[in-house]
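Before any comments, here is the structure.
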There are 2 protein chains.
Amino acid sequence: MRRTKEDAAKTREEVLTAAAEIFYENGVSGSSLEKIAQRAGVTRGAIYWHFKDKAEVLTALHREIRLPQEAIVDYAIEHGHDDPLGLIEQGAIEVLHILANDEHQQRVFAIMILGCEFTEHLSDAAQRIITANEEMFGKLQKLIEMADQQGTLASRWTINAAARALQCSMNGLFAEWLRSGKSFPLVDVGDRLVRSLVGSMRHGGAGN
Amino acid sequence: MRRTKEDAAKTREEVLTAAAEIFYENGVSGSSLEKIAQRAGVTRGAIYWHFKDKAEVLTALHREIRLPQEAIVDYAIEHGHDDPLGLIEQGAIEVLHILANDEHQQRVFAIMILGCEFTEHLSDAAQRIITANEEMFGKLQKLIEMADQQGTLASRWTINAAARALQCSMNGLFAEWLRSGKSFPLVDVGDRLVRSLVGSMRHGGAGN
DNA sequence: ATATTTACAATCATTCATGTATGTTTGTAT
DNA sequence: ATACAAACATACATGAATGATTGTAAATAT
């Protein structure tokens, strides 16, 4: 029953989508490779062929999604730096729309935030998430520093506090939205939240 | 080896503190009752005497943490308040100080937020957490509604959006602080965040 | 055409956590 | 003094998940 290379890649993808479903339903630790295999229509042998163990399946899932925070920063970098705060605002709102419409990213993101245990001795996948988060924070920090050097950062904010506040609010917004089963309009709430926060960070602008 | 009632209550407490440690280190699903028993200096028999199963140990931990600020909010809802937004701001900042100084609450919070899997078919403990969160949201909503009826809610905010934004920001703040290993000053960042947000919600105030 | 991988399936042994059942000691009520 | 029940410890039975091994049919290289 040897398959061609395309077939193999297909089963690999099917395993990953099945894993996303099972992980989402039962949590990572509550999901056995047997269940994932059944959902994918293969046996555990196939999974062990493509991945070393369950943790590697999880990291593979994580590699698939671009974290929304990264998208924020990418947007800002792409569109120049004449108004860093404005770009952060626009980028954040852009990401809201993207995440609100991409169900697969929602599911994988939900797994990472809600269905995955962050422990003291972190797993490989959890470590990747934390690292990505820290990188995003660093980039946010630099953008806000640019705003500060332009004199557009309100005096009530420090660079670090502003970057943290944005990071926490965005992550909290996504997490709460997913945890609540998308029970509130993400874009609507997020839009007001981002505009208010960034507005309060603007020197001479609102909130100072 | 029958113990007196005080002895029994003591071992129960020791089991709970041990459980908090083990859960924090390994995550909930990664912790066996055997490990918890060893840490507590008892056998699994003792744990099964005091609790039905692991889930009940977790809910017992969750019952322990009750934010003192809830009482303040309850009082305000019952008796009304001349400045609901100010009360929210004050209460939130107070909670920041409390949480920043109570290591046990931090640990239990970290377990609930980071070391516990929220799945589709929720466990008993996870359901309790979600319920508590929803109750908190409801109270926030009522307070903001009071502010709206007094005409102090800025027109850029709706009642629901404002309550959600506050909830998401605060939860995100705590989660990020704990996940980062308390790598940033919680009170400092939180103080600026809360004041900016509530400020933007105040009619005629900052951020409108 | 043959050899050699590839891409799995099937089976097996082992570990590990759980739940339960039972034993044992000691407070406590009478 | 005795009976009973509380507060555990000990032992066992079970099932589930894992990782490893082996089998195998087809694709691909030579």
Side-chain angles (χ1 to χ4, degrees), chain A residues 1-19 21-61 111 115-117 119 121 123-125, chain B residues 1-61 111 115-117 119 121 123-126:
Chain A
M1 306 223 174
R2 162 89 195 280
R3 311 289 164 77
T4 164
K5 281 212 170 193
E6 296 84 41
D7 284 338
K10 189 186 169 192
T11 62
R12 196 194 122 103
E13 275 309 305
E14 285 172 349
V15 166
L16 282 181
T17 46
E21 293 176 17
I22 300 290
F23 283 163
Y24 182 75
E25 291 169 8
N26 308 337
V28 174
S29 71
S31 303
S32 68
L33 294 181
E34 175 63 31
K35 276 187 183 176
I36 295 174
Q38 281 182 13
R39 179 72 60 97
V42 295
T43 66
R44 271 171 47 244
I47 299 182
Y48 275 105
W49 172 255
H50 287 284
F51 309 96
K52 184 193 166 195
D53 53 9
K54 191 162 72 176
E56 206 169 82
V57 176
L58 187 62
T59 64
L61 272 181
I111 293 169
C116 179
E117 294 183 354
T119 68
H121 66 309
S123 76
D124 193 26
Chain B
M1 301 222 175
R2 162 91 196 280
R3 309 289 164 77
T4 166
K5 282 215 170 191
E6 296 85 41
D7 284 338
K10 189 186 169 191
T11 61
R12 196 193 123 102
E13 275 309 305
E14 285 171 349
V15 166
L16 282 180
T17 46
E21 293 176 18
I22 300 291
F23 282 161
Y24 183 75
E25 292 168 8
N26 307 342
V28 173
S29 71
S31 303
S32 68
L33 293 181
E34 175 64 31
K35 276 186 183 176
I36 295 174
Q38 283 182 11
R39 179 71 61 96
V42 294
T43 65
R44 272 172 46 246
I47 299 182
Y48 275 103
W49 172 255
H50 287 284
F51 309 95
K52 182 193 168 195
D53 54 9
K54 192 161 73 177
E56 205 170 83
V57 176
L58 187 62
T59 63
L61 273 180
I111 293 169
C116 181
E117 293 182 355
T119 68
H121 65 308
S123 75
D124 193 26

inquiry  = Using the side-chain heavy atoms of D53(A), tell me which of these nucleotides is nearest: dA9(C), dG19(D), dT28(C).
reply    = dG19(D)
key: Nucleotide nearest K54(A) (side chain, heavy atoms from C-beta), chosen from dT18(D), dA7(D), dT18(C)   = dT18(D)
query = What nucleotide, of dA7(D), dA17(C), dC8(D), holds the atom closest to the side chain of T11(B)?
reply = dC8(D)
ask   = Over how many whole Å does the gap from Q38(B) atom CD to dC16(C) atom C1' extend?
value = 13 Å
ask   = Listed in order of residue number, which residues of residues 44-51 of chain B have a non-hydrogen atom at under 4.0 Å from DNA chain D?
value = G45(B), A46(B), W49(B), H50(B)
task = Would you kindly give the CG-to-C1' distance between D7(B) and dT26(C), to the nearest whole Å?
result = 11 Å
query = Rounded to whole angstroms, how far apart are NZ on K35(A) and C1' on dT18(D)?
reply = 15 Å
key: Option among R12(B), E13(B), E14(B) that satisfies the side-chain contact (heavy atoms from CB on, under 4.5 Å) test with K10(B)   = E14(B)
request  = Over all heavy atoms of both residues, which pair between S31(B) and K54(B) is shortest? Give the atoms and the distance, please.
outcome  = O-NZ, 2.9 Å
request  = Round to the nearest Å and state the distance from L33(B) atom CG to dA17(C) atom P.
outcome  = 10 Å
Rounded interatomic separation in angstrom, taking CD from E34(A) and P from dA10(C) = 11 Å
query = CD of E13(A) versus P of dC8(C): gap in Å, rounded?
reply = 13 Å
inquiry  = I'd like to know if the side chain of E56(A) and the backbone of K52(A) have a donor-acceptor N/O pair within less than 3.5 Å.
reply    = yes
task = Heavy atoms only: give me the nearest T43(B)-A37(B) pair and the separation to one decimal.
result = C-CB, 3.5 Å
query = NZ of K10(B) versus P of dA7(D): gap in Å, rounded?
reply = 15 Å
message = Taking K35(A)'s backbone N and O only, do any of them form a donor-acceptor pair with S32(A)'s side chain (distance below 3.5 Å, no angle check)?
response = yes
query = Rounding to a whole Å, what distance do you find between E56(A):CD and dT18(D):P?
reply = 14 Å
query = Can any side-chain N or O of E117(A) pair as donor or acceptor with the backbone N or O of S29(B) at less than 3.5 Å?
reply = yes
query = So what does S32(B) hit on the nucleic acid, given a heavy-atom distance under 4.0 Å: a base, only sugar-phosphate, or nothing?
reply = sugar-phosphate
ask   = Are any of the side-chain heavy atoms of F23(A) and I36(A) separated by less than 4.5 Å?
value = yes
